[in-house]
Trainee: 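Below is a structure I'd like to ask you about.
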Amino acid sequence: MEFHKYYANGNDFIIFQTNNLDENYLSKLAIKLCNRHSGIGADGLIVIKKNDKDYDFTWGFYNQDGSKANMCGNGARAAAHFAYTQNLANKNMSFLTGAGIIKATIFDDDFVEIRLTKAKVIHENLVEFQNVFCLIDTGVPHLVTLDGVQNYNEENAKYLREKYDANVNYATFKDGVLYVRTYERGVGETLACGTGMNACFYYARMLKLVDEKATIYPKSNDICEVSFKDDYLYFKAQVKKIFSTTLDC
């Protein structure tokens, strides 16, 4: 099978096309291929299945530990780039994730923008370790605090991830820019999280700290742009294809 390695703002993914959507097999394959010592190495495995329905393709997303996720913001942008370059979709496309239909647009210089599913606030004013959090679903649930990235603590983040079954985000808002660190389910702290950055922007907008658009820097320091239009979050940044390879699996 042919596999493609992608990089998106610090997250890396393995993408391939198949009609075999057996979840047990794909979960084991994710563990094998995402291993950074004995496999290709990645934060997640993305499975693309072409179809002839109202959308261009269906995806499956598996974390590094084999667990399945409904949505991944950076993964969705990488999947859209893959679909376009493999002639599975046009520059303007839509595809089905576990969270719902995602729309994507391919721009010059490998910039990709997606429209996420509608964000939902699950719980506000959660006080944990002297920080105030908001629980927001942007395709997957995210616990967000704007009390500052300097408050990030690995053990606390791991505890909160398990307590709320959500990714955990610490953000700083400074001079009109958001800086974000994220602890992700199934991976641990990553260099970036697309849906996490969108959740931080959404919370900052609830607090009237930002208007309709903001620049965001994840831990990787790659520049990202998030905007809010017609009740939807839009997420735009660059995607890079690293290499393709063929493996017997």
Side-chain angles (χ1 to χ4, degrees), residues 4-13 15 43-44 46 48 54-59 61 69-120 136-140 142 144 167 169 171 176-180 182 184 190-205 210-242:
H4 307 264
K5 175 77 176 277
Y6 270 80
Y7 173 90
N9 303 330
N11 283 137
D12 54 350
F13 307 101
I15 305 177
D43 292 326
I46 298 172
I48 303 292
D54 293 337
Y55 39 86
D56 293 289
F57 60 90
T58 301
W59 93 339
F61 186 94
N70 286 333
M71 176 57 185
C72 171
N74 283 323
R77 293 188 310 98
H81 189 282
F82 170 83
Y84 174 65
T85 56
Q86 296 293 314
N87 296 316
L88 300 175
N90 297 318
K91 283 191 173 182
N92 294 297
M93 70 185 78
S94 62
F95 54 96
L96 180 64
T97 69
I101 296 289
I102 301 297
K103 291 190 175 183
T105 302
I106 309 296
F107 293 90
D108 292 341
D109 299 324
D110 298 320
F111 277 83
V112 182
E113 182 180 69
I114 58 168
R115 190 191 78 172
L116 285 76
T117 52
K118 285 188 176 181
K120 301 172 187 172
I136 303 172
D137 191 323
T138 52
V140 292
H142 283 273
V144 175
N167 296 337
N169 302 267
V177 176
L178 279 163
Y179 301 86
V180 179
T182 304
E184 293 197 59
T190 55
L191 294 177
C193 175
T195 51
M197 287 187 280
N198 277 270
C200 292
F201 169 80
Y202 194 81
Y203 186 39
R205 193 172 177 277
V210 298
D211 293 323
E212 305 305 308
K213 182 184 291 187
T215 297
I216 302 181
Y217 288 97
K219 188 178 179 182
S220 67
N221 213 32
D222 291 331
I223 189 169
C224 306
E225 180 183 293
V226 177
S227 57
F228 189 79
K229 294 178 284 188
D230 301 325
D231 290 333
Y232 284 95
L233 289 161
Y234 287 78
F235 177 41
K236 183 178 181 181
Q238 199 170 34
V239 167
K240 298 177 184 177
K241 178 183 174 183
I242 306 302

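One is the number of the first residue; the rest follow in order along the sequence.
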Trainee: Quick one: list whatever passes side-chain contact (heavy atoms from CB on, under 4.5 Å) with A69, sequence neighbours left out.
Mentor: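 Partners of A69 by the side-chain contact (heavy atoms from CB on, under 4.5 Å) criterion, ordered by chain and then number, come out as F61, N63.
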Trainee: I need the full list of side chain to side chain donor-acceptor pair (under 3.5 Å) pairs touching residues 83-104, with sequence neighbours left out, sorted by first then second residue.
Mentor: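 Counting only pairs at least two positions apart or across chains, the side chain to side chain donor-acceptor pair (under 3.5 Å) contacts touching residues 83-104 are N92-T105.
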Trainee: Can you measure from CD (E113) to CD1 (I106) and round to the nearest 0.5 angstrom?
Mentor: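 The CD atom of E113 sits 10.5 Å away from the CD1 atom of I106.
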Trainee: If you round to the nearest 0.5 Å, how far is OG1 of T195 from CG of N70?
Mentor: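 N70 CG to T195 OG1: 10.5 Å, rounded to 0.5 Å.
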Trainee: Return the orientation label for the F95 and F57 ring planes: parallel under 30°, perpendicular over 60°, tilted otherwise.
Mentor: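 It falls in the parallel class, under 30°.
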Trainee: Return the orientation label for the Y217 and Y179 ring planes: parallel under 30°, perpendicular over 60°, tilted otherwise.
Mentor: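 Rings of Y217 and Y179: parallel, under 30°.
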Trainee: Compare every heavy atom of F201 with every heavy atom of L233, then report the nearest pair and how far apart it is.
Mentor: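 Heavy-atom minimum between the residues: CD2-CD2, 3.5 Å.
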Trainee: Check the pair E225, K213 against side chain to side chain contact (heavy atoms under 4.5 Å, CB included), reporting the backbone distance first and the verdict last.
Mentor: CA-CA 7 Å; E225 180 183 293; K213 182 184 291 187; 3.9 Å; yes
Trainee: Using side-chain heavy atoms (C-beta onward) and a distance below 4.5 Å, is F82 in contact with L88?
Mentor: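 Heavy-atom side-chain distance check passes, below 4.5 Å.
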Trainee: Backbone N or O of Y7 within a donor-acceptor pair of the D12 side chain at under 3.5 Å?
Mentor: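 Such a contact is absent between D12 side chain and Y7 backbone.
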Trainee: Please find the pair of heavy atoms, one from N9 and one from D222, that lie closest to each other, and give the distance.
Mentor: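 Smallest interatomic distance, heavy atoms only, reads CA-OD2, 3.1 Å.
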Trainee: Are side-chain heavy atoms of F13 and N74 found at a separation under 4.5 Å?
Mentor: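 SC-SC contact between F13 and N74 confirmed.
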Trainee: Minimum heavy-atom separation for A119 to T138, with atom names?
Mentor: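 Smallest interatomic distance, heavy atoms only, reads CB-CG2, 4.1 Å.
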Trainee: Can you measure from NE2 (H4) to CD1 (I15) and round to the nearest 0.5 angstrom?
Mentor: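 Going from NE2 on H4 over to CD1 on I15, the span is 8.5 Å.
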Trainee: Say you draw a straight line from OH of Y203 to CD1 of I136; how long is it, rounded to the nearest 0.5 Å?
Mentor: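 Rounded to the nearest 0.5 Å, the OH-CD1 separation comes to 7.5 Å.
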Trainee: Give the minimum heavy-atom separation between A99 and T117, together with the two atoms involved.
Mentor: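 Scanning both residues completely, I find the closest heavy atoms to be O-CG2, 3.4 Å.
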Trainee: Decide yes or no for M71 and I102: does some side-chain heavy atom of the first lie under 4.5 Å from some side-chain heavy atom of the second?
Mentor: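 In contact.
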Trainee: Just to verify, what does D109 make a side-chain contact (heavy atoms from CB on, under 4.5 Å) with, not counting sequence neighbours?
Mentor: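 side-chain contact (heavy atoms from CB on, under 4.5 Å) list for D109, sorted by chain: F111, Q238.
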Trainee: Look at the side chain of N167 and the backbone N and O of H142, then say whether any donor-acceptor pair between them is shorter than 3.5 Å.
Mentor: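 A pair under 3.5 Å: no.
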Trainee: Just verifying a value: how many Å separate N11 CG and S220 OG, rounded to the nearest 0.5 Å?
Mentor: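 Reported value, rounded in 0.5 Å steps: 8.0 Å.
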Trainee: For Y232, does the six-membered ring have the charged nitrogen or CZ of K118 within the cation-pi criterion, i.e. under 6.0 angstrom from the centroid and within 45° of the normal?
Mentor: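 So K118 does make the cation-pi contact.
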Trainee: Tell me the closest heavy-atom pair linking M93 and A83, and the distance in Å.
Mentor: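 That closest heavy-atom pairing would be SD-CB, 4.2 Å.
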Trainee: What heavy-atom pair brings G98 and W59 nearest, and what distance separates the two atoms?
Mentor: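 Answer, listing the atom of G98 first, then W59: N-NE1, 4.1 Å.
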Trainee: If you round to the nearest 0.5 Å, how far is OG1 of T215 from CE of M197?
Mentor: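 If we round to the nearest 0.5 Å, M197:CE and T215:OG1 are 11.5 Å apart.
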